[in-house]
Amino acid sequence: MRTLAPLGRRRVLVSRGDDVGAYRVLQVADPQGPPLPAAGQFYMLATVARWGGGDDERPYLPRAFSFLSARRGKLSFMFEDVGPGTRRLAELDAGEELWLTGPLGAGFRTPHDGRRALLAGGGVGVPPLAALATVLSSHGTRPTAVLGFRDEHHAAGAVLLEDADATVATDDGSVGHHGLVTELLAAELARDAHAVVYSCGPPGMLEAVRALCAEHDVPAQLALEAGMACGFGACYGCVVPLREGGYVRVCVDGPVIDAARLDGVPAH
Amino acid sequence: MRTLAPLGRRRVLVSRGDDVGAYRVLQVADPQGPPLPAAGQFYMLATVARWGGGDDERPYLPRAFSFLSARRGKLSFMFEDVGPGTRRLAELDAGEELWLTGPLGAGFRTPHDGRRALLAGGGVGVPPLAALATVLSSHGTRPTAVLGFRDEHHAAGAVLLEDADATVATDDGSVGHHGLVTELLAAELARDAHAVVYSCGPPGMLEAVRALCAEHDVPAQLALEAGMACGFGACYGCVVPLREGGYVRVCVDGPVIDAARLDGVPAH
Amino acid sequence: MIEFCGLQLQHPIVNGSGTFDAIAARRAFGDALLADFPFSAFVSKTITLQPRAGNPPPRLWEAQAGMINSIGLPNRGLEGYLEYDLPQLAQLPVPLITNVMGSSEDEVARLVEAIDERDEVAAIELNVSCPNVRTGLDIGADPRSLAALVRAVRPLARKPLIVKLTPNTADVAAVAAAAEGEGADAVSLINTLRATALAPSAKRPWLGGGTGGLSGAAIRNVALSQVAAVAGRISLPIIGMGGIASGTHAVDLISVGAALVAVGTENFRDPCAGSRIASELKSLQIRH
Amino acid sequence: MIEFCGLQLQHPIVNGSGTFDAIAARRAFGDALLADFPFSAFVSKTITLQPRAGNPPPRLWEAQAGMINSIGLPNRGLEGYLEYDLPQLAQLPVPLITNVMGSSEDEVARLVEAIDERDEVAAIELNVSCPNVRTGLDIGADPRSLAALVRAVRPLARKPLIVKLTPNTADVAAVAAAAEGEGADAVSLINTLRATALAPSAKRPWLGGGTGGLSGAAIRNVALSQVAAVAGRISLPIIGMGGIASGTHAVDLISVGAALVAVGTENFRDPCAGSRIASELKSLQIRH
Ligand SMILES: Cc1cc2nc3c(=O)[nH]c(=O)nc-3n(C[C@H](O)[C@H](O)[C@H](O)COP(=O)(O)OP(=O)(O)OC[C@H]3O[C@@H](n4cnc5c(N)ncnc54)[C@H](O)[C@@H]3O)c2cc1C
Ligand SMILES: Cc1cc2nc3c(=O)[nH]c(=O)nc-3n(C[C@H](O)[C@H](O)[C@H](O)COP(=O)(O)OP(=O)(O)OC[C@H]3O[C@@H](n4cnc5c(N)ncnc54)[C@H](O)[C@@H]3O)c2cc1C
Ligand SMILES: Cc1cc2nc3c(=O)[nH]c(=O)nc-3n(C[C@H](O)[C@H](O)[C@H](O)COP(=O)(O)O)c2cc1C
Ligand SMILES: Cc1cc2nc3c(=O)[nH]c(=O)nc-3n(C[C@H](O)[C@H](O)[C@H](O)COP(=O)(O)O)c2cc1C
Ligand code: FES
Ligand code: FES
């Protein structure tokens with residue numbers, strides 16, 4: 001699923017910024033963008049003012065973010081401060097400006113042949129799953145989701161998955177299931193394996209999901225991450241190795257990739 | 001006149017920021033600095049957060065600023081936004097942090113042999129003259145000053161020269177004398193040439209002051225500017241050519257230089 | 001319209017090889033890309049005789065005001081290029097320059113001959129930042145080995161031949177003079193500066209390819225210096241590049257001797273950097 | 001304590017030649033400088049046989065995450081150095097390394113001989129980023145001319161001889177190997193990258209000296225790459241430098257093979273960068 005992006009980057013206004021647990025959620029007005037980006041697509045973001053001058057004089061390149069929701073000309077994004085780019089973005093508030101390019105890449109394909117959608121993810125992997133849940137719910141089936149977080153503070157991010165029935169696991173047991181999200185996913189698959197799994201999360205989690213699905217012979221679509229410079233296929237920087245040999249660019253051939261095409265999810 | 005600087009840069013807090021006409025005045029708390037920097041000395045400043053990432057990814061190096069006043073552990077500085085460094089500094093408000101090194105360089109020497117002090121300057125040349133006026137007033141003689149500015153908005157900066165009797169000239173005649181500060185200075189010298197002139201201002205003005213004083217055979221001390229990387233003699237970048245040949249470093253041998261040592265004030 | 005090696009171009013801004021994939025960009029942006037193409041000529045990624053998968057990831061490192069890449073020249077190889085890429089690139093509204101690289105004279109000759117035959121291609125750019133298997137140095141690092149290469153392949157091309165110099169040399173002007181002496185029609189520079197990055201905590205190389213090349217703002221003043229040095233030595237037209245991100249930067253490069261200006265890394269920050277810089281340049285040139 | 005060419009040093013952080021003037025810094029900071037000297041050894045500015053006034057201003061340009069300088073090696077000349085500077089530098093609490101440069105073998109020989117005689121000096125650093133009058137290239141750009149120079153002057157020095165390589169070369173490792181082959185005791189790198197800046201509106205060179213050298217953060221990953229290349233080729237100790245501004249950067253350079261790390265441009269931003277980096281380095285090394 002791929003919605004075309006308007007050519008080039010555009011200057012957009014942040015319309016609000018909220019803290020949700022450990023995460024920052026930004027809403028931006030994108031009147032020139034397409035109304036319906038496909039769930040799993042992403043945008044490249046950079047601030048207009050002061051992009052640079054952070055840790056070690058970075059950031060320099062724009063950063064990739066999946067959209068969380070797209071409604072009435074407003075996009076929202078969710079992220080955690082993990083480095084100079086996300087730190088700068090996390091400072092933003094209503095009225096400040098961003099450079100935005102997108103929607104980019106190929107999103108999720110919705111289930112066919114009667115399989116139910118199982119969403120599995122966690123951390124900053126929530127946005128593409130939330131966007132997918134919105135699509136599925138609007139088609140009449142509210143999906144089931146299993147989400148993993150580090151702790152209660154992070155698990156607060158689960159509320160952003162509005163359109164799914166979500167069960168939460170935390171590493172420290174401070175809320176929900178004490179353990180891994182794959183344990184919840186395994187339970188769901190044990191209950192009914194006629195499913196297609198949609199997943200986004202940190203590489204270790206994605207790899208565990210991939211391995212579990214492979215074991216149960218359940219198809220899975222993984223929304224991958226990779227270091228990116230451009231987001232539109234220009235730099236060939238964002239590749240992952242395929243099972244069949246060679247590489248694909250996550251930004252144009254993904255970020256959503258069929259798990260069956262991978263031997264494993266690379267650590268970065 | 002040279003007050004030693006504590007070794008190294010120190011982290012200081014901005015205690016207030018005010019707009020005065022076209023200028024920004026910052027007050028910083030400098031409890032570890034010497035209480036009495038010499039008028040005409042300067043400090044190297046950089047912000048702790050986000051020094052970099054401005055126009056063309058600058059600023060990178062710290063910037064030199066003469067102090068305007070030094071009282072009870074508080075320093076004040078005055079500047080105009082002319083590029084990425086001053087732009088970043090102009091954004092600062094109370095509570096933000098600076099890296100500060102200084103006081104650096106050699107300041108003004110006060111008059112001897114009964115000459116009266118005549119202060120001539122303008123624009124961001126006000127600070128060292130203001131600091132000198134404070135010293136002279138505390139010694140019992142409130143000096144005379146002539147100040148040139150572009151227009152009324154800039155001429156508002158004249159109030160910062162609290163401890164002198166100042167006459168103002170503007171380029172556009174919007175306030176004070178319509179014309180050059182050297183015209184006011186020539187009038188003062190015509191009235192009484194047994195004087196020593198202290199000057200700081202843009203290179204063109206300094207050069208005009210130098211030439212006028214040379215013509216009237218009046219000694220002058222010029223507070224020069226030069227592009228600086230370090231401010232403490234390390235880089236050899238900030239030189240001006242001497243009449244006798246060779247160069248001196250403005251940061252350690254100046255910024256105050258006897259006009260007699262120069263053939264002219266370089267344009268940058 | 002400006003003229004460059006017989007090509008008529010709308011403006012002086014082209015792309016740096018390997019920094020814009022017009023085929024992928026069309027997948028992302030659709031045919032709007034053709035209607036508003038950012039460059040006045042399109043330079044292809046480097047094509048080699050055999051297909052290459054490129055280096056293992058990670059391939060990118062963000063540096064101070066720049067980036068380091070270790071992409072490893074992935075491409076479909078000559079045949080794949082002619083069959084899959086060329087028909088699509090031929091649809092672009094601007095002249096096409098094909099960039100080629102080989103690890104021996106013979107390889108380069110075969111590439112140049114095959115590309116020269118194709119009407120879709122307006123000019124050939126020869127990437128000589130490729131290590132000489134014997135010395136380990138870039139072929140383009142040494143005036144004599146570059147001269148030998150250009151001498152060997154020059155007669156094989158009727159189309160304009162542009163030599164893309166390597167900056168990792170002691171005397172780029174001498175290398176440019178060697179290219180001129182053997183009949184090159186133009187030179188382009190600078191390519192990326194050799195650079196290394198280490199993984200943040202483990203102290204091993206971050207890039208899958210080991211070392212990489214630095215590009216972007218950080219190298220702008222090095223580019224200015226090398227372009228000026230080459231322009232002072234040869235009279236061929238020069239495509240200047242390295243850290244160009246604005247019309248002002250383009251004016252600077254042109255003022256030291258570049259005929260065309262190529263935009264590389266800035267495309268990643270702004271997909272329409274080419275058209276933006278062309279229009280900034282135009283208004284600066286009108287003002288003066 | 002660490003050992004470097006027979007010198008006992010408190011920590012591995014020294015200064016880059018020409019980036020810290022201990023005499024001027026003492027005028028600014030007083031004797032506190034001696035009590036808390038930032039470096040474990042002090043490297044002098046480059047000394048030439050004759051006094052030099054240096055280049056006309058402007059001498060500085062602020063670049064992207066770095067700066068370009070065109071200082072032009074102002075110094076009092078050998079005699080002035082011995083007479084005026086050396087007695088003051090001898091008061092520093094750390095070993096003194098004197099950096100020298102000459103435009104001919106004979107000049108270098110006279111400098112090395114005279115410096116070698118002085119007990120105040122612990123080691124000699126030879127700056128070979130000086131243009132060869134015949135070729136215009138840096139003497140240190142070519143392995144053979146460097147080998148000849150080191151061969152000629154090596155016997156004249158009983159003190160450790162450090163060769164400061166130029167980065168403006170195709171193959172810095174080959175040049176380092178030439179220095180090793182002729183008996184140098186250590187090499188240091190990288191010096192600044194050749195770069196040019198244009199005056200903001202007038203399109204002529206900004207720097208009074210025409211071109212200059214790029215230093216600071218922008219060159220850090222180039223330094224990492226060159227130091228790694230040299231360390232892979234020779235077994236002499238290496239003083240690594242280029243854009244070092246933190247303990248992490250120092251760890252990186254050490255991990256690719258530097259024995260000592262020199263701080264240059266960062267001294268301008270933080271006069272005590274040397275001690276800060278030394279202590280950051282220490283805590284990083286303890287943690288691992
Ligand atoms: C398609 C896609 C969608 C994404 N969606 C989201 C999202 O919705 N929400 C979200 O929070 N994140 C998302 N990300 C991840 C996000 O893009 C990164 O977290 C962001 O780029 C980090 O930038 P930073 O500057 O904050 O940190 P950086 O320091 O740039 O990145 C952190 C990681 O990059 C590596 N790194 C460190 N230094 C460097 C360097 N100098 N150069 C290169 N790599 C380095 C290290 O592995 C480090 O852990 C997405 C990524 C992709 C590709
Ligand atoms: C001793 C001393 C005392 C000073 N006191 C004061 C004071 O009290 N108040 C005050 O406002 N200012 C003062 N200055 C001047 C102040 O330091 C400069 O205005 C400041 O450095 C400008 O920095 P910027 O980043 O804002 O602008 P920049 O762009 O760095 O500087 C503006 C000027 O520098 C040149 N320039 C432009 N680009 C570059 C570049 N890339 N590299 C190098 N030069 C460039 C141009 O000539 C330009 O006009 C003083 C300077 C000195 C030396
Ligand atoms: C990701 C990337 C890939 C590149 N690939 C090629 C290539 O295939 N062939 C080539 O000749 N140059 C290649 N280059 C070099 C650029 O064409 C250009 O010379 C260099 O990046 C300097 O320009 P810039 O600073 O504007 O990016 C590449 C550069 C980058 C950043
Ligand atoms: C202002 C300045 C002056 C320098 N002078 C000399 C010099 O006299 N001799 C020398 O060998 N290197 C000189 N260098 C080079 C530095 O010693 C160092 O090699 C280079 O700056 C890279 O390190 P950095 O990025 O930490 O500055 C100078 C560098 C600068 C910035
Ligand atoms: S991020 Fe540039 S090709 Fe994918
Ligand atoms: S500013 Fe560095 S020597 Fe004066």
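In what follows, chains are A, B, ... by sequence order, proteins preceding strands, each numbered from 1. The structure presented is a predicted model; accordingly, all values stated were derived computationally and were not measured.
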**OP:** Under the side chain to side chain contact (heavy atoms under 4.5 Å, CB included) rule, collect the residues that match up with B:A70, sequence neighbours excluded.
**Re:** B:P37, B:F67, B:L75
Original post:
More than 12 heavy atoms of other residues, nucleotides or ligands under 6.0 Å from CZ of B:R16: is that the case?
Top reply: no
Subject >> chain A-proximal positions within residues 41-52 of chain B [heavy-atom distance under 4.5 Å] >> reply: B:R50, B:W51, B:G52
